[in-house]
Amino acid sequence: MMLNGHLSEALKQALRTGLQFDKGTAFDPIILLMKTTHTVLDLLIAFSPFALILLTVAIASPILVGGWVFSTKALMPQFAKLNPIKGISNLFSKNALVELIKSIAKSVLVATVAYFVIANDLKPILSLSSMPIESSITEVNQLMTHGFITIVCALLFIAAIDVPYQLYHYANKHKMTKEEVKQESKESEGNPEIKAKIRQQQREMARRRMMSKIPNADVVITNPTHYAVAIKYQDEGMSAPIVVAKGADAVALKIREIAAEHRIITLESPKLARALYAHTELDQEIPEALYAAVAEVLAYVFQLRTFNQQGGYRPDVPKALPVPDELDPHSLIPAPSLINAEVSVA
């Protein structure tokens, strides 16, 4: 529609030039060929804006749908494409059947629309030969514009169905199976089995380091069976007691065994053991809220060491350790108000 006047004028000029020739031109093939060449070049120049618009649309449409992808992979020769067996199998594939149905549907739709357009404009088309040249050219422009717009609307209807299908087909085609996902994970992040084995070895090394510190502990506080926490304190270099080892169930049993082997005092205090296990980290100081309870335990331990070495008065086992209820994970479970603590010395 924008190039209507420009193209009409170019066609008229081409027709006028083509009908103007003398006897010498008609019988001289070289001159006739040159004249025809000039006419064709003039028409190509006249239609170049229209071709440029079509080229821009042809390039921009795929970019809007799938983005800009430039690759020379398709230009590389692939001898597998020359395989006739594979080519025949592609002809009878599901994708080939879908593309065939789509092509037939597109052709039928466009042909049907074109038929109704021509049938609707049949009388004006037949009357073109009896109209003056100026009027006939204007009428041709209007008929072509109407036909183009109608067929483009049909193509837009096809695109509204075909584009979502192509996007779905592309996404579905590039989905990876579970095995492919696992393989990609192995290649990018490493084999999960090996990583799990490494983590297991790291835990074992950390556990061995922790167990090696138990012989230097001052006391092991137990649940008595579920938890065990080893405490150490030195007047020099420590502002508060630290936890050198802790564990539950099987680890707790191992801590008690090592403590017994190295004659480390073991004190049974369920509430304090649970609080220490839940609120302390290895090689870190105990919470301030547990200072008083641990201080009583350490005072008892130091007094018991003196008794074992020098004799005299045997200290009493702490009966009621001041452990805040909010630090005990089992504080909601009814429990006696006093902690019955027992001590065992290997």
Side-chain angles (χ1 to χ4, degrees), residues 1-19 33-76 81 90 95-96 98-122 124-129 131 133-171 173-174:
M1 295 173 65
M2 292 186 297
L3 300 175
N4 195 342
H6 172 72
L7 296 179
S8 298
E9 187 62 32
L11 291 172
K12 286 192 292 184
Q13 183 61 34
L15 180 61
R16 184 181 299 110
T17 302
L19 294 177
L33 179 61
M34 292 177 60
K35 188 173 183 178
T36 304
T37 302
H38 290 159
T39 302
V40 172
L41 289 176
D42 291 340
L43 289 176
L44 289 177
I45 295 173
F47 277 84
S48 60
F50 185 68
L52 183 61
I53 293 174
L54 291 179
L55 179 63
T56 303
V57 172
I59 296 175
S61 298
I63 293 177
L64 291 175
V65 175
W68 175 263
V69 178
F70 179 80
S71 175
T72 59
K73 184 177 180 181
L75 301 177
M76 301 300 294
K81 293 183 178 180
N90 291 334
N95 185 56
V98 172
E99 292 298 327
L100 176 62
I101 294 175
K102 283 168 47 182
S103 299
I104 295 175
K106 291 177 184 178
S107 301
V108 170
L109 179 61
V110 173
T112 303
V113 172
Y115 169 78
F116 282 106
V117 169
I118 295 174
N120 184 61
D121 297 332
L122 185 58
I125 292 174
L126 295 177
S127 64
L128 288 175
S129 60
M131 295 174 62
I133 185 65
E134 296 291 341
S135 301
S136 64
I137 291 179
T138 303
E139 184 68 18
V140 167
N141 290 334
Q142 293 178 354
L143 292 174
M144 291 179 64
T145 301
H146 175 254
F148 277 152
I149 292 177
T150 306
I151 294 176
V152 165
C153 290
L155 294 176
L156 288 176
F157 174 76
I158 294 173
I161 299 175
D162 190 32
V163 170
Y165 170 78
Q166 291 292 349
L167 294 175
Y168 166 79
H169 177 70
Y170 179 82
K173 181 180 178 181
H174 288 79

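Heavy atoms only: backbone and side chains are in, while hydrogens, waters and symmetry mates are out. The residues of the chain are indexed from 1 along the displayed sequence.
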Check residues 44-58 and write down every donor-acceptor pair under 3.5 Å in which the side-chain atom is one partner and the other belongs to a residue at least two apart or another chain.
unit_1	atom_1	unit_2	atom_2	d
S48	OG	I45	O	2.6
T56	OG1	L52	O	2.8

Side-chain donor/acceptor pairs under 3.5 Å, residues 145-158, sequence neighbours excluded:
unit_1	atom_1	unit_2	atom_2	d
T145	OG1	N141	O	2.7
H146	ND1	D121	OD2	3.3
T150	OG1	H146	O	2.8

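Residues satisfying the salt bridge (charged side-chain N to carboxylate O under 4.0 Å, His left out) criterion with D162, sequence neighbours excluded, are K102, K106. For Q142, there are no side chain to side chain donor-acceptor pair (under 3.5 Å) partners at least two apart in sequence or on another chain. Checked against side-chain contact (heavy atoms from CB on, under 4.5 Å), I104 has the following partners two or more places apart in sequence or in another chain: L100, V108. In this structure, the salt bridge (charged side-chain N to carboxylate O under 4.0 Å, His left out) partners of E9, at least two apart in sequence or on a different chain, are K12. Judged as a side-chain contact (heavy atoms from CB on, under 4.5 Å), and not counting sequence neighbours, the contacts of T37 are L33, L41.
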Assess whether side chain to side chain contact (heavy atoms under 4.5 Å, CB included) is satisfied between L11 and L43, documenting all intermediate values. CA-CA 7 Å; L11 291 172; L43 289 176; 4.2 Å; yes

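S135 places no side-chain N or O within donor-acceptor distance of the main-chain N or O of M131, the cut-off being under 3.5 Å.
Listed by first and then second residue, the salt bridge (charged side-chain N to carboxylate O under 4.0 Å, His left out) pairs involving residues 149-158 amount to none (not counting sequence neighbours). Within the structure, salt bridge (charged side-chain N to carboxylate O under 4.0 Å, His left out) pairs that include any residue of residues 37-61 do not occur (at least two apart or interchain). Judged as a salt bridge (charged side-chain N to carboxylate O under 4.0 Å, His left out), not a single pair has a partner in residues 144-158 (not counting sequence neighbours).
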